[in-house]
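These notes are about the structure you will find just below.
Source: prediction; values computed, not measured. Nothing fancy with the numbering, it's 1 onward along the sequence.
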Amino acid sequence: MPILSTKLYIPPPRAKVVLRPRLVETLNEDSQRKLILISAPAGFGKTTLLSEWVAGCGRSVAWLSLDEGDNELTRFLTYLVAALQTIEANVGEEVLAMLQSPQPPTAESILTALLNDMTRIPDRFVLILDDYHLIDAEAVGNALNFLLKHLPPQMLLVIATREDPALPLARLRARSQLTELRVADLRFTPP
């Protein structure tokens, strides 16, 4: 399957944008979190904030800008592997072979192979899924839940979306594994 490489580009920080150091500091807080969720309607600067943060976060970052076509599990996983390969070239080669086989194994088997590959990435890294609100396929949601449940310790998942994904947010909050930025956080305040 051909990959549209522009879906993997980290948007460059925009010129003449209002910097948001308080929010960047929140994103930089080091903890045992697994997920950063940035959830707000269009126009609140989710992607712009992430672009600003990535420019100075000091970690390897894999970025995937999602679209409606990514609701098909094979395509979603192919793009996920392609994004991860921007930081570690050999990650997911076995997964890509599994996805192309005439009788692909179960999603759990594919995800297990991908997670095992991701554990070999030596440094802390971030995977950003931008525009996740465009994903409504149950199979993709289940795959993301599985990944989130078994994330390697050096990985941080960031989701930017216009609506909350079907993930165990309450459980992650209770375990202090979730950082959330919402409308109230993203709104500009007077100086």
Pairwise side-chain contact, [X] with [Y], heavy-atom cut-off 4.5 Å (strictly under):
| X | Y | answer |
| --- | --- | --- |
| Leu77 | Leu99 | yes |
| Ile38 | Trp53 | no |
| Ile87 | Val61 | no |
| Arg120 | Asn90 | no |
| Leu35 | Leu169 | yes |
| Glu180 | Arg173 | yes |
| Leu181 | Leu49 | yes |

Quick one: does any side-chain atom of [X] pair with a main-chain N or O of [Y] as donor and acceptor, under 3.5 Å?
| X | Y | result |
| --- | --- | --- |
| Lys46 | Pro41 | yes |
| Gln85 | Val91 | yes |
| Tyr79 | Leu4 | yes |
| Glu52 | Arg20 | yes |
| Thr78 | Thr74 | yes |
| Thr161 | His133 | yes |
| Asn145 | Ala166 | yes |
| Gln154 | Phe125 | no |
| Ser101 | Ala97 | no |
| Asp70 | Asp67 | yes |

Does Tyr132 form a side-chain contact (heavy atoms from CB on, under 4.5 Å) with Leu167? I'd like the steps, not just the answer. CA-CA 12 Å; Tyr132 191 80; Leu167 296 172; 5.6 Å; no

Does a side-chain N-to-carboxylate-O contact under 4.0 Å join Asp131 and Lys7? no

Taking 4.0 angstrom as the limit, do Asp185 and Arg182 come out as a salt bridge? no

Take Leu114 and Leu84, measure what side-chain contact (heavy atoms from CB on, under 4.5 Å) needs, and give me the verdict at the end. CA-CA 10 Å; Leu114 180 58; Leu84 291 167; 4.0 Å; yes

On a heavy-atom basis, which atom in [X] and which in [Y] lie closest, and how many Å separate them?
| X | Y | result |
| --- | --- | --- |
| Val183 | Ala40 | CG2-CB, 3.8 Å |
| Glu29 | Arg33 | O-NH2, 2.6 Å |
| Leu73 | Ala139 | CD1-O, 3.9 Å |
| Leu129 | Leu80 | CD2-CD1, 4.3 Å |
| Gly92 | Asp117 | N-OD2, 2.7 Å |
| Ile110 | Pro105 | CD1-O, 3.6 Å |

To the nearest 0.5 Å, what is the distance between [atom1] ([X]) and [atom2] ([Y])?
| X | Y | atom1 | atom2 | value |
| --- | --- | --- | --- | --- |
| Thr112 | Leu147 | OG1 | CG | 9.0 Å |
| Phe76 | Leu66 | CZ | CG | 6.0 Å |
| Glu163 | Ser39 | CD | OG | 8.0 Å |
| Asn28 | Cys57 | CG | SG | 7.0 Å |
| His150 | Glu108 | NE2 | CD | 7.0 Å |

With side-chain contact (heavy atoms from CB on, under 4.5 Å) as the test, would you mind laying out the steps for Leu172 and Leu37 before giving the verdict? CA-CA 11 Å; Leu172 293 167; Leu37 176 65; over 6 Å; no

Would you kindly confirm whether [X] and [Y] end up in one hydrophobic cluster when ILVMFWY residues are joined by side chain heavy atoms under 4.5 Å apart?
| X | Y | result |
| --- | --- | --- |
| Ile3 | Ile135 | yes |
| Leu115 | Val95 | yes |
| Phe44 | Leu134 | no |

Please say which of Leu50, Leu8, Leu127 ends up in a side chain to side chain contact (heavy atoms under 4.5 Å, CB included) with Trp63. Leu50

